[in-house]
Amino acid sequence: MDHNADAFRTDLMTITRFVLNEQSKHPESRGDFTILLNNIVLGCKFVCSAVNKAGLAKLIGLAGETNVQGEEQKKLDVLSNEVFVKALVSSGRTCILVSEEDEEATFVEPFLRGRYIVVFDPLDGSSNIDCGVSIGTIFGIYMVKDSHEPTLDDVLQPGRNMLAAGYCMYGSSCTLVLSTGNGVHGFTLDPSLGEFILTHPDMKIPKKGKIYSVNEGNAKNWDGPTAKYVEKCKFPKDGSSAKSLRYIGSMVADVHRTLLYGGIFLYPADKKSPNGKLRVLYEVFPMSFLMEQAGGQAFTGKQRALDLVPTKIHERSPIFLGSYDDVEEIKSLYAAEEKKE
């Protein structure tokens, strides 16, 4: 054992230290945001531990309930949802919570209320638990508009108003990717310390990528621009190499790979799902926020994703996000289609 090397490990940039450093740049800050983020990190650690021992703890089977999206709930989904709701309410810094698993928004009791709204998907990709594929938690944070009694209108804000967004991926390692509006930073959980350590400072997505990520099983139902774009990925006419297809079917894992290696993630509207499949508040917005902060783009087929104004908490939208040039290409195909009409 190298004791000399271990002696230097206290100099690591942990997520707590990182967030406190960010807080010190804002003299007016009271530390509320830092406390909230710490509670989210605690929730991620707890879920990571539960995911790692899901098979042993018999957490894999179905809970026998169907969630608001009509999907059968896994035991781990139910557990993860409870973990995050409790962690967020007990922080004393939240006023409204919107979870993918709950039909209604949760309004925090007045004596525990704070200024922040958190929207989250406690366990995204949970249909993949049984086969060991990476799954994750996605979250976004808003500030309540003013000091009135919080209402649903405070939640239904465009994504550009988000203060922070992130995801935690539970895979071969546990990785938390976070943006507080000042770039994107990745942290990896060191199990021996129980701490998230900064491993990917200032993440930037390549301007153009060689990978496209889409469920080609839906190809027969796609609209013209999506079909044309995927055709160009496979059979480029400009002499360039074809793009590689990589699709995991777990949004956190697919977006994480896109962020690191570049390329584009597509979940278009189609004949079966004319409004798209992914939920605006806690999937589309946080991932779009991270992509833009990392130098990429996010587009719905009609507009910049973060300019969408949702009308319902579980609203859905198509989404194309990833490298700047790749998203630019699909935007031009939609623009050309619009001209024809």
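On a predicted model such as this, the values are computed, not experimentally measured, just so you know. The first residue in the sequence is number 1, and the count goes up from there.
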Treating N39 as the side-chain partner and A87 as the backbone partner, does any N or O pair qualify as donor plus acceptor under 3.5 Å? yes
So if you build clusters from Ile, Leu, Val, Met, Phe, Trp, Tyr with side-chain heavy-atom gaps below 4.5 Å, do L308 and L152 land together? yes
Side chain to side chain contact (heavy atoms under 4.5 Å, CB included) between D124 and I135, worked out: CA-CA 6 Å; D124 183 73; I135 51 183; over 6 Å; no
For the pair D254 (side chain) and G249 (backbone), establish whether a donor and an acceptor sit closer than 3.5 Å, ignoring hydrogens and angles. yes
Does K228 form a salt bridge (Lys or Arg N to Asp or Glu O under 4.0 Å) with E231? I'd like the steps, not just the answer. CA-CA 5 Å; K228 274 183 199 147; E231 186 75 5; over 6 Å; no
Applying side-chain hydrogen bond (donor to acceptor under 3.5 Å, both in side chains), can you list everything that pairs with Y167, at least two apart in sequence or on another chain? H256
Main-chain N/O of S273 paired with D270 side-chain donor or acceptor, under 3.5 Å: yes
Answer yes or no: is there a side-chain heavy-atom contact under 4.5 Å between L156 and I313? yes
Report, one line per pair, each donor and acceptor closer than 3.5 Å where one atom sits in a side chain of residues 298-306; sequence neighbours left out.
unit_1 : atom_1 : unit_2 : atom_2 : d
T300   : OG1    : K302   : N      : 3.2
T300   : OG1    : Q303   : N      : 3.1
T300   : OG1    : Q303   : O      : 3.3
R304   : NE     : E292   : OE1    : 3.4
R304   : NE     : E292   : OE2    : 2.9
R304   : NH1    : D307   : OD1    : 3.1
R304   : NH2    : E292   : OE1    : 2.9

Aromatic ring proximity Y116/F33, centre distance under 6.0 Å: yes
Rounded at 0.5 Å granularity, tell me how far CE in M251 sits from CZ in F265. 5.0 Å
Between F84 and L112, is there a shared hydrophobic cluster once you connect ILVMFWY residues whose side-chain heavy atoms come closer than 4.5 Å? yes
Just list the side-chain donor-acceptor pairs under 3.5 Å for residues 203-212, sequence neighbours left out, or say none.
unit_1 : atom_1 : unit_2 : atom_2 : d
K207   : NZ     : D325   : OD1    : 2.9
K208   : NZ     : E329   : OE1    : 3.4
Y212   : OH     : E216   : OE2    : 2.7

Let me see the working for Y267 and V214 under side chain to side chain contact (heavy atoms under 4.5 Å, CB included), right down to the final yes or no. CA-CA 6 Å; Y267 213 120; V214 67; over 6 Å; no
Apply the test side-chain hydrogen bond (donor to acceptor under 3.5 Å, both in side chains) to residues Q23 and T34: give CA-CA distance (whole Å), side-chain angles for both, the deciding distance (0.1 Å), then the verdict. CA-CA 7 Å; Q23 182 191 319; T34 305; 2.5 Å; yes
Donor-acceptor contact below 3.5 Å, side chain R257 vs main chain V255: no
Crowding at CZ, F107 (>12 non-hydrogen neighbours, <6.0 Å): yes
Test item: N52 side-chain N/O and S49 main-chain N/O as donor-acceptor pair under 3.5 Å: no
Is it the case that the ring center of F187 lies less than 6.0 angstrom away from the ring center of F18? yes
Kindly determine whether T137 and Y170 satisfy side-chain hydrogen bond (donor to acceptor under 3.5 Å, both in side chains), including the steps that lead there. CA-CA 8 Å; T137 298; Y170 315 110; 2.7 Å; yes
Evaluation steps, side chain to side chain contact (heavy atoms under 4.5 Å, CB included), between D326 and F320: CA-CA 9 Å; D326 293 324; F320 306 89; over 6 Å; no
Quick one: do L321 and L290 satisfy side chain to side chain contact (heavy atoms under 4.5 Å, CB included)? Show the steps, please. CA-CA 10 Å; L321 51 80; L290 290 166; over 6 Å; no
Is the closest side-chain heavy-atom distance between P310 and F285 below 4.5 Å? yes
Assess whether salt bridge (Lys or Arg N to Asp or Glu O under 4.0 Å) is satisfied between E315 and R279, documenting all intermediate values. CA-CA 6 Å; E315 193 167 311; R279 270 72 65 157; over 6 Å; no
Applying side-chain hydrogen bond (donor to acceptor under 3.5 Å, both in side chains), run through D223 and T226 and close with a yes or a no. CA-CA 6 Å; D223 60 15; T226 304; 2.8 Å; yes
Checking the side chain of H314 only, and the main-chain atoms of D102 only, is there a donor and an acceptor separated by less than 3.5 Å? yes
Atom OH of Y142 and atom CD1 of I96: how far apart are they, to the nearest 0.5 Å? 11.5 Å
Cluster link V108 to I35, ILVMFWY, side chain under 4.5 Å: no
Apply side-chain hydrogen bond (donor to acceptor under 3.5 Å, both in side chains) to D238 and S240, showing your working. CA-CA 6 Å; D238 58 3; S240 61; 2.6 Å; yes
Quick check: is L123 connected to L42 through a chain of hydrophobic side chains (ILVMFWY, heavy atoms under 4.5 Å apart)? no
